[in-house]
Trainee: 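Before anything else, here's the structure in question.
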Amino acid sequence: MSLDAQLQALRRQAELERTDEARARLLAGRLRAGDLGLVWLFAAARLGDPSARIAIDRPVRPVTSIQLATIIEEQLDRDGCTRVALALAKARLPEWTTAFPDDKRPAEAIDAAQAWLDAPGSDRADRCAAAARGARDAADEAGPEATWQALNAAQLAAASAACASASRIREVRTEAIEAWRLCKESDAVAREALTPWALEVDRPDEAEPPKDLRPGPRELESHREKIEASRRRRAAFEDALGAAETKKRATSIRKRLRAKELERDRVKLAASLGDPAAWLVVKPDPDEEPDLEPPESGEAMGARLTIHVGRFAKKLPRAEIRRLMFLKRLHDPDGDANEPGPAWPEWSRDLIARIALAVGSRCLERFEAAVEGEQAPRTALDAAYAFFTAPGEETAARVADAAKTAGRVASRKLPPEAKAAARAVSWAAQLVVRARAAPKPRLNYAKRDLLGQAYEAGLSAQELWDELRDETIGWSLRERDLGRPPRPYAPGEAFAEGETIEHPKFGTGRVVATSRGRMQVAFDGETRTLVHAG
C-alpha cells in the first residue's frame, strides 16, 4: 500500500471512529509521509491536543497559561493572532445576540474575519477594517443597560476583524492580547483555536511554530529516530509482502484453512498484528493496516493486545468477551484476595501461558547477563516449561516453590534491572500455572505488572511488543513450539496445542488441535489423529 493510500485509509478510519486514538494514528501516518512537521506535532501536543500527545508517544510538558499569553503577545504571526481572536469572539457572540438580536454588526465583523482567514487579501482586509469599526460603534451605542458580557462580545468581534485588517504585526498582537483579556475562558478557547492551526496540511517548509511551543533538541532528535524506525518497519513489511517465502507460507495457510486445520478468525488476528503471509491470505479491509508500532507502556501494550484478540472472539458468549480484559495487565495489581479478579476465557489459557514464558525467557536473559552463578530464576522458568508441557499437581507445586525462591533473589543486593528481571521471571512462572490450571485464573495478589517488570529489566518497548506479537501470531497460526526440542510421543502423556512431537513412525509433527483423549497432529503432508492423556 502506498503512503498516499495509507493516509487516505487513516483519514477514513479517523472520520469513522472519531476517537483520539484514530486521530493519533492519522497524525503518525502524516509524520511518516512528510505531510506534517515534527515540530508542529509537538506544538499541538504542548497546546494540549490529546491525539497529538498520543502520537508523540512520550510525556510532553504542556504550555502554561502565562506562556500562552506570552506566545499571543510576542510570538504569533498575523494568522495565528486572528485565529485566537476569532475563536474568542465566536465563543462570546451569543451573549450579544441575546441582548441585541437586531444588531448584526458584531456578527458581520466575525464573518469578515473568517472570510479573511479562509482567503487572505487586501479587499477582504479593507472589509475587516470597516466591520471592526462597526462592531465598536455597536458597543458604544449599546447604552448603560447593556451587560458587561454583551459589551465584551462586541469588543471581541471588533478585535477579531481588526487583527485581519491591521497593517503591522505589533498592532495585530495588541488586538489579540486585548481579546485574550476580555474573555474568561480565553485559555481553553485559545488552545482549541491554535491546535488545528498547528496541524494544518498546507504549510510552507520554512515555517516554524512559536519558540515556546517547540520541542527541545534532544526531544526532536529522539522522535526523529523513532519516526525513521517506524518507516523502516513499514518498508520491511511492504518488502515481505512480495517475498517468495511469504507467498509460499500464504499458500500453506490457505491449504490449512481449506482442510479445517485453521480458523479464519485466527488468520485475521495474525494479519492484524502484521504477519505478511496472513495479510495476503485474508485481504483485510482497505481501511486497515498492520499494527507494527510498539506501545509506550506495559499497560498500553496489554490493552492493545486485548483489542486485537477481542476483535476475533465474536463467537464467545458476552461474559467471556468481557473477560478478555485480563490482557490489559495480565493480572489485577490492585485487587484484594476477597474480590473477584478478571477471569480468562478457556480458549486463551494456552496463549497467556505462552506470552508469560516468552516474556520470562527474555527477562531471564537479562538476569543472567547481570548476575553470574544464580540458578533460581532459571529453575523457576524450567519448572514452568515442564508444567506447560505436562500439567499436574506435582509439577504445579514445583513451579510454586521455584517461583518463590526466584522472587527472594530480588530482595538481595543486586542492580535494579537484575531485581526487576528476577521478579518478572517469578511472576511469569506463576502465571503459567494459573493460566493453565486455576478454575478462575487471576493474579489479584500480585504487586506489579509483568510487562512493567520487563521494562524495568531493560527490555525496550520494541523488543517486548515484537515478543508479544510473535507469540500471538505463532499461537494463532499454530506455528510456535516455544523453542523447545520435540517431545517423544507416548500415548500415556498429555500434549498441548502447538507443541512439537517426535513420533517413531511418522516423524516430527505439530499438535494442531486437542480434545479429551485425542489430538490432531500435522506431519509432513498429512494430519493424523493420535491418542494422548489430555
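Note that the coordinates shown come from a computational prediction; the quantities given were computed from them, not determined experimentally.
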Trainee: Distance check, rounded to the nearest 0.5 Å: Thr97 atom OG1 versus Asp103 atom CG?
Mentor: 9.5 Å
Trainee: Taking the side chain as C-beta and beyond, is there a heavy-atom pair between Leu156 and Trp96 under 4.5 Å?
Mentor: no
Trainee: For Arg105 and Ala139, indicate whether the former's side chain and the latter's backbone hold a donor-acceptor pair under 3.5 Å.
Mentor: no
Trainee: Would you please name every residue forming a ring-ring contact (aromatic ring centres under 6.0 Å, His included) with Trp197, sequence neighbours left out?
Mentor: Trp40
Trainee: Does Leu459 reach the side chain of Leu451, with side-chain heavy atoms less than 4.5 Å apart?
Mentor: no
Trainee: What I want to find out is whether Asp140 reaches Arg136 closely enough, with some N-O distance under 4.0 Å, to be called a salt bridge.
Mentor: no
Trainee: Could you check whether any side-chain heavy atom of Leu194 comes within less than 4.5 Å of a side-chain heavy atom of Leu213, counting everything from C-beta outward?
Mentor: no
Trainee: Atom CD of residue position Glu171 - does it have more than 12 heavy atoms of other residues, nucleotides or ligands inside 6.0 Å?
Mentor: yes
Trainee: Does Leu477 offer a backbone N or O that forms a donor-acceptor pair with the side chain of Arg266 under 3.5 Å?
Mentor: no
Trainee: Would you say Gln75's side chain and Asp212's backbone share a donor-acceptor pair under 3.5 angstrom?
Mentor: yes
Trainee: As an exercise, state the distance from CG of Leu292 to CD of Gln462, rounded to the nearest 0.5 Å.
Mentor: 8.5 Å
Trainee: If only atom types and distance count, is the side chain of Thr246 paired as donor or acceptor with the main-chain N or O of Gly242 below 3.5 Å?
Mentor: no
Trainee: Restricting to non-hydrogen atoms, name the atom on Trp279 and the atom on Leu241 that form the minimum distance, rounded to 0.1 Å.
Mentor: CD1-CD2, 3.8 Å
Trainee: Look at Arg362 together with Asp470 and state whether they make a salt bridge at an N to O cut-off of under 4.0 Å.
Mentor: no
Trainee: Could you go through Arg83 and Asp79, starting from their C-alpha distance and side-chain angles, then the distance that decides it, and tell me whether this counts as salt bridge (charged side-chain N to carboxylate O under 4.0 Å, His left out)?
Mentor: CA-CA 6 Å; Arg83 284 175 182 271; Asp79 182 85; 2.9 Å; yes
Trainee: Is the backbone N or O of Cys163 less than 3.5 Å from a side-chain atom of Trp116, with the two atoms forming a donor-acceptor pair by type?
Mentor: no
Trainee: Which pair of non-hydrogen atoms, one from Arg124 and one from Ala119, has the smallest distance, and what is that distance?
Mentor: CD-O, 3.3 Å
Trainee: For residues Arg25 and Glu21, determine if any side-chain heavy atom of one lies less than 4.5 Å from a side-chain heavy atom of the other.
Mentor: yes
Trainee: Minimum heavy-atom separation for Ala91 to Val189, with atom names?
Mentor: CB-CG2, 4.2 Å
Trainee: Ignoring hydrogens and geometry, is there a side-chain-to-backbone donor-acceptor pair from Arg23 to Pro50 under 3.5 Å?
Mentor: no
Trainee: Looking at Arg61, is its backbone amide N or carbonyl O close enough to the side chain of Arg46 to form a donor-acceptor pair, meaning the two atoms are under 3.5 Å apart?
Mentor: yes
Trainee: Any non-hydrogen side-chain atom of Leu182 less than 4.5 Å from a side-chain atom of Leu88?
Mentor: no
Trainee: Please check if the side chain of Thr98 supplies one atom and the backbone of Glu95 the other of a donor-acceptor pair under 3.5 Å.
Mentor: no
Trainee: Any chance you could measure Ile110, atom CD1, to Lys104, atom NZ, to the nearest 0.5 Å?
Mentor: 12.0 Å
Trainee: Please report the shortest heavy-atom distance between Ala44 and Thr195, naming the atom on each side.
Mentor: CB-CG2, 4.4 Å
Trainee: Which heavy atom of Trp465 sits nearest to which heavy atom of Pro294, and what is that distance?
Mentor: CD1-CA, 3.6 Å
Trainee: Quick check: does any side chain N or O of Arg366 sit under 3.5 Å from a backbone N or O of Ala421, one acting as donor and the other as acceptor?
Mentor: no
Trainee: For the CG atom of Asp275 and the OG1 atom of Thr472, what is their distance to the nearest 0.5 Å?
Mentor: 11.5 Å
Trainee: Can you find a pair of side-chain heavy atoms, one from Asp137 and one from Glu141, that are under 4.5 Å apart?
Mentor: yes
Trainee: Roughly how far, to the nearest 0.5 Å, is the CG atom of Leu450 from the CD1 atom of Ile355?
Mentor: 9.5 Å
Trainee: Looking only at heavy atoms, which two atoms of Ala278 and Ala270 are closest? And how far apart?
Mentor: CB-CB, 3.8 Å
Trainee: When you check the gap from the basic side-chain N to the acidic O, do Arg233 and Glu293 get nearer than 4.0 Å?
Mentor: yes
Trainee: When you measure from the side chain of Ser160 to the backbone N and O of Ala157, does any donor-acceptor pair fall under 3.5 Å?
Mentor: yes
Trainee: Can you tell me how far apart CD1 (Ile169) and CD (Glu74) are? Round to the nearest 0.5 Å.
Mentor: 12.0 Å
